[in-house]
Amino acid sequence: MVMYKADDWKDLDRERILCIQKQLIDWYEKNHRKLPWRETRDPYHIWVSEVMLQQTRVDTVIPYFLNFIGKFPTIEVLAQAHEEEVLKAWEGLGYYSRVRNLQRGAKVVMSQYGGLVPKELQEIKKIPGIGPYTAGAILSIAYDKAVPAVDGNVMRVFSRLFCIDYDISDGKTRREMEQIGNVVVPEENPSFFNQGLMELGALICTPLSPKCIACPVYGQCRAAQKGIQNELPIKKKKQAVKEVELEVALAWKEDKVLLMKRPTEGLLASLWTFPSAVREEGWEPGNSIIQELKEQYGMTVENIAYLFDAHHVFTHLKWNMKVYGCNLASEEKLEYPQVQWVTLDEIKDYAIPTAFKKVLNKIKR
DNA sequence: AACTCGGGGGC
DNA sequence: GCCCCAGAGTT
């Protein structure tokens, strides 16, 4: 069932590479989508778009990108912004540690690189949040450097174009693919070439039912020649989803509800949520959250009542949320900055993950 | 090398 | 409801 070895690219002749380069770049020039981050060569704007696109589809990213660039138009502004405001601009995008890395990166560029995104691969990779893919994307798109930018789209295209059956969920496969990228990326217009590969993966060479009939490199595609484009790429790893019961407390004081800032590491790091606790095995309903409020903040719950259920599925985790209304002992003092009483109007200023937005929406109804 | 980290779209 | 989508940091 193996088609070609992954070192098949060594057999690629110059003529074939030139053909793929020309057809892809021509196709990209005629067919690429007009997107906000394609209107600029500002390496910072490219950087922001690439970090967003690492995790989210184009249609979702567009409004976030415009808002983010509007609020933080330069590296300097981002470096000096309050983290709360930065997180708020990322609210709903997910993977919140990435935007904290982005801001860390902005600070590094200001302090170590005179405010300019470095142009050398070795240097740009040192910046927090910039790995092999993002480094290649910024250098090729913003600086016209002939380096590969291998993301999931590109690995899928390569696996089909060259009939490579390596498991793309394996880390070393990406390094193999990067070697291929090094061979095929042109000195002339590496920007359009790399973006062309990714655009092809997004529009034509899609994960399911690829549109080979419209593909500019159909004639060069070894998988299509064999009719096995639907069997590629090979991807083995699958994640199991764990289910947990999460108790959530809606603690009211007059018209205000209690919010808490989550720890700076782990799931939904640094975001604001209602107090919550994973239900302990064998505990009475409600007791886990009562215990959490007591142990973490010295708060005493006077009474508690089950309100409703909500659900949220993460990649590897499902929360079955049990939402409780509760009253705290009246004399509770809040000496923790990570604890706030907030009106439903003020809540818009806090970065709240989608899982808890769902709970919020149920309250408002 | 294995694990962690969100949320959305297609069918 | 079940399937799919990804790249970077950490350990």
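Quick caveat: nothing in here was measured; it's all calculated off a predicted structure. Residue numbers begin at 1 in each chain, while the letters A, B, ... track the order of the sequences.
Rounded to a whole angstrom, the distance from the P atom of B:dG6 to that of C:dT11 is 15 Å.
For A:N361 and B:dG7, the CG to C1' distance is 15 Å, given to the nearest whole Å. B:dC3 atom C1' lies 17 Å from atom CZ of A:F314, rounded to whole Å. The NZ-P distance, from A:K358 to B:dG6, rounds to 14 Å in whole Å. Regarding A:R262, its CZ atom lies at a distance of 12 Å from the C1' atom of B:dG6, rounded to whole Å. One can place NZ of A:K236 at 20 Å from C1' of B:dC3, the figure rounded to the nearest angstrom. The CZ atom of A:R156 sits 13 Å away from the P atom of C:dC4 (whole-angstrom rounding). The separation between A:H312 atom NE2 and B:dG6 atom C1' is 6 Å, rounded to whole Å. Computed from coordinates, the A:R174 CZ to B:dA2 P distance equals 16 Å when rounded to whole Å.
Distances were taken from every side-chain heavy atom of A:R175 (C-beta onward) to each of B:dG7, C:dA8, B:dA1; the shortest belongs to B:dA1. Distance from the side chain of A:Y96 is smallest to B:dG6 among C:dC5, B:dG6, B:dC5. Here the side chain of A:N101 is nearest to one of B:dG7, C:dG9, B:dG9, namely C:dG9. Of the listed nucleotides (B:dG7, C:dA8, C:dC5), C:dC5 has the atom at the smallest distance from the side chain of A:P207. In this structure, the nucleotide among B:dA2, B:dG6, C:dA8 sitting nearest to the side chain of A:P132 is C:dA8.
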Extract all donor-acceptor atom pairs below 3.5 Å that involve side chains of residues 204-218 of chain A and protein atoms in other chains or at least two apart in sequence.
from	atom 1	to	atom 2	distance (Å)
A:T206	OG1	A:L208	O	2.9
A:T206	OG1	A:S209	O	3.4

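Mapping A:Q54 and A:G129 onto DNA chain C by nearest heavy atom places A:Q54 closer to the 5' end of the strand. Comparing A:K172 and A:T315, the nucleotide of DNA chain B nearest to each residue sits closer to the 5' end for A:K172. Residue whose closest nucleotide on DNA chain B sits further toward the 5' end, between A:R57 and A:G266: A:G266. Comparing A:P233 and A:K125 by the nucleotide of DNA chain C whose heavy atom lies nearest to each, the residue mapping closer to the 5' end is A:P233.
With no hydrogens or angles considered, a side-chain donor-acceptor pair links A:S140 and A:N194 at under 3.5 Å.
Below the 3.5 angstrom threshold, one finds no donor paired with an acceptor across the side chain of A:T56 and the base of B:dG7.
Residue A:D59 is out of contact with every strand shown, counting any heavy-atom pair closer than 4.0 Å. Contact annotation for A:L268: backbone-only contact, meaning every heavy-atom pair under 4.0 Å involves sugar-phosphate atoms and none involves a base. Within 4.0 Å of A:I130, counting heavy atoms only, lie sugar-phosphate atoms of the nucleic acid but no base atom. Residue contacts shown for A:G171 are absent, as no nucleic acid heavy atom lies under 4.0 Å away. Contact annotation for A:S97: no contact, since no heavy-atom pair falls under 4.0 Å across all strands.
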Tell me, with the steps shown, if A:K261 and A:E84 meet salt bridge (Lys or Arg N to Asp or Glu O under 4.0 Å).
-> CA-CA 11 Å; A:K261 194 171 167 70; A:E84 290 288 334; 2.6 Å; yes

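Judged by Watson-Crick or G-U wobble contacts below 3.5 Å, the nucleotide B:dC3 has C:dG9 as its partner.
Distances shown here put a side-chain N or O of A:T354 below 4.0 Å from the OP1 or OP2 atom of B:dG7. Residue A:K357 places no side-chain N or O under 4.0 Å from the OP1 or OP2 atom of B:dG7.
The existence of a salt bridge linking A:D349 and A:K88 is excluded, since no basic side-chain nitrogen approaches an acidic carboxylate oxygen closer than 4.0 Å. One finds no salt bridge joining A:K237 and A:D170 here, because no Lys/Arg side-chain nitrogen approaches an Asp/Glu carboxylate oxygen to under 4.0 Å.
Other residues, nucleotides and ligands contribute over 12 non-hydrogen atoms within 6.0 Å of the CD atom of A:Q220.
Formation of a donor-acceptor pair under 3.5 Å by the A:R174 side chain with backbone atoms of A:G152 is not found in this model.
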